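So the structure is just underneath, and the comments pick up after that.
Order of appearance sets the numbers: ligands from 1, and atoms from 1 within every ligand. Note that this is a predicted model, so its numbers are computed, not measured.
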Amino acid sequence: MFIKRRSPEDISAAKRDDSLLTSMRDPQLDADRAPNPEWLIIIGVCTHLGCIPFPDSGDWGGYFCPCHGSHYDLSGRVRKGPAGANMAVPPY
Ligand code: FES
């Protein structure tokens with residue numbers, strides 16, 4: 001499980017990228033993934049083949065999976081690489 005307390009800059013970046021939803025592989029609004037925007041709670045498993053991504057890294061400053069190069073943004077949405085889905089948000 002990854003629990004990230006997002007800074008105001010992190011939240012702004014995630015919400016700004018909501019405007020790019022149509023270009024996302026697994027389109028989801030940030031507000032639907034982080035109802036309280038200060039806290040992002042996701043299952044820390046890459047949706048490609050199950051490696052553990054590195055936090056605070058990748059081209060969008062979110063998560064980077066070194067196994068095959070998937071990049072996730074500050075909302076845990078996949079943005080680049082072979083993963084086909086966003087990192088999962090568990091019920092909480
Ligand atoms: Fe993460 Fe393949 S397991 S990119």
To the nearest 10 degrees, calculate the angle at atom 2 (Fe) of ligand 1 involving ND1 of His68 and ND1 of His48. 100°
Residue part near ligand 1, for Cys46, under 4.0 Å between non-hydrogen atoms: side chain
Lys/Arg-Asp/Glu bridge criterion (N-O < 4.0 Å) met for Asp30, Arg6: yes
List ligand 1 atoms under 4.0 Å from Ser70, heavy atoms only on the residue side. 4 (S)
Distance under 4.0 Å to a non-hydrogen atom of Cys51: what atoms of ligand 1 satisfy this? 3 (S)
Report whether any nitrogen, oxygen or sulfur of Cys67 sits less than 2.8 Å from atom 1 (Fe) of ligand 1 (N, O or S, backbone or side chain). no
Is it true that Ile52 and Tyr72 fall in one hydrophobic cluster, defined by side-chain heavy atoms closer than 4.5 Å? yes
Can you check whether Ile42's main-chain N or O pairs, donor with acceptor, with Arg33's side chain at less than 3.5 Å? no
Looking only at protein heavy atoms, which one is nearest to atom 3 (S) of ligand 1, and how far off is it? Leu49 N, 3.2 Å
Enter the distance from Leu20:CG to Arg77:CZ here, rounded to the nearest 0.5 Å. 8.5 Å
Would you call the rings of Phe54 and Phe64 parallel, tilted or perpendicular, where under 30° means parallel and over 60° means perpendicular? tilted
